[in-house]
Amino acid sequence: MSLCAILCPASSRLPRRSAAMPTSSPTFVGAIDQGTTSSRFLIFNRRGEVVALHQLEFKQIYPNPGWHEHDPEELISSVERCVDGAVQQFEAQGHSRGQIAAVGITNQRETTVVWDKTTGKALHNAIVWTDTRARDLVRRLKARIGAGELTQRCGLPLSTYPSASKLLWLLDNVPDVKDAYERGNLAFGTVDAWLAYKLNGGPARDVYVSDPTNASRTMFMNLHTLDYDAELLEWFRIDRDKVKLPKIVRSADPDAYGSLAGTVLRGTKIMGCLGDQSAALVGQKGFTPGLAKNTYGTGCFLLYNVGHKPVISSHGLLSTVAFDFGEGRTMYALEGSIAVAGSSVKFLVDNFGFIDESSKLSALAETVEDNGGCTFVTAFSGLFAPYWIDDARGTIFGITAYTQRGHIARATLEATCFQTKAILDSMGKDSGQKLTELAVDGGMCNADLIMQTQSDIIGIPVSRPAMRETTALGAAIAAGFAAGVWESFDDLKDVNNEGKTLFRPQITAEDASERFARWEKAVQMSKGWSS
Ligand code: ADP
């Protein structure tokens, strides 16, 4: 079947072109990109080019070691300010806001928000995906009968990472949350649900939805039915009469997500929603099985399209929804998640003061020839895929009197590249196939040295697009499909192809495997630090 046939079968459930959309004038799509460290709003034209962008960082809150929070109201206000800022730029170019056909949302995943359904007020700071406060709770859950069978249903292993453990922690530790639960007023959501709810105006309109790529990160959704699973909820002892869960709707939908109630785009419909890593896969046009992308942001996430059926990993990977664009167009992915990537670079900036901004990491690393025998296991919040070691902590091995900052800089950037290699090895075992090229994006991929190191370590070419806002592009594509801006994957074939950079391996396979063996040894030695 052709790609177009996959995307365009006649079906009443297909997203439809909005009647109000102008067809003669140039059409644009907006994308809200609510990430871990910043919010952005981008406006794309039909060729997938960015015509306007406004970005704002927001406060990172670390109340205790291992804890990481965001102010839910600041997430909303930063997004709204970004919309206003980007539209101002857009109009300064002579366009009009009415040319924006729809808006898509992409967001940090797993981060958990709880609010009172009657007032629309958040009951606690958002607990961020990196947060490990639920470690003891997870340890207890792992001892419960049936713990080993959860992954078959929801695709994720028990850890502090998915939203489930964060919600349980809030219920156990925050009286206001428990109280709202007992009164049946508690609303729970990942950031997409919170954004859609608040951007629509909160309780007045009560748009309370999430898409499967986000819902699949909670541990409450059944990966096969794409709906909440009564047995999973029961296992977690969540009473559905007491906590409200957002309705799971398609990633591209002309009606389900409502419209913006505020900002200069008031009235513009929200028509797409994808968790950030799924959005990046879509933005890289990873529509067909066998395609993969790796996004080097705060964390690093490799998604590999496995087709219409989920593949449950036997080698430490997650199974997740890649995107759900309607009947016959639901795709699944195997995912390798690395908790710490760009955040290790920020750590060298903020905590060690080695450099004054992340973009100078490469220059520091280039002051030396190699890592000087140092290996840095950047396990600030344990190690995620494929190791899943909760009690590992950041550990630098091999320091001598010879060690310079440059060696630590190299060891830092190599940590992400080695974890990517470990994930690719697991993917090869789970899928029976070896990737031939890796598409990359995210902040850290700006550094040529990092991408060259990555190619050296995995032994295949690394392909970097010129336009790196692929996460936002993915959200725009979801919304654009629902709005009829693009009607098939084929319509996107020329989008973001020009100016790609290819990094090819420059070291021998023996050299690469020796370096990787040292990394694996260091991983084993980093265990057990936080117990
Ligand atoms: P997110 O969407 O998770 O907020 P981004 O994709 O914006 O993340 O990437 C930001 C991260 O990338 C930061 O942690 C920063 O340290 C890192 N980063 C950005 N530019 C560079 C660079 N040139 N070299 C190394 N790291 C970088």
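Atoms within each ligand, like the ligands themselves, are counted from 1 in listed order. Throughout, residue positions are numbered sequentially from 1 according to the sequence presented.
Using cut-offs of 30° and 60° for the angle between ring planes, the F347 and F380 rings count as tilted.
A distance below 6.0 Å separates the ring centres of F220 and F188. Taking the six-membered ring wherever Trp is involved, the centroid distance between the rings of W486 and F287 does not fall below 6.0 Å.
Checking T106 against D33 by side-chain atom types alone, no donor-acceptor pair falls below 3.5 Å. A donor-acceptor contact closer than 3.5 angstrom is absent between the side chains of Q452 and D448.
Partners of P65 under the side chain to side chain contact (heavy atoms under 4.5 Å, CB included) rule, at least two apart in sequence or in another chain, do not exist in this structure.
Closer than 4.0 angstrom to ligand 1 sit non-hydrogen atoms from T36, T37, R40, G297, T298, G342, S343, V345, K346, S358, S359, G442, G443, M444, N446, A447, I450.
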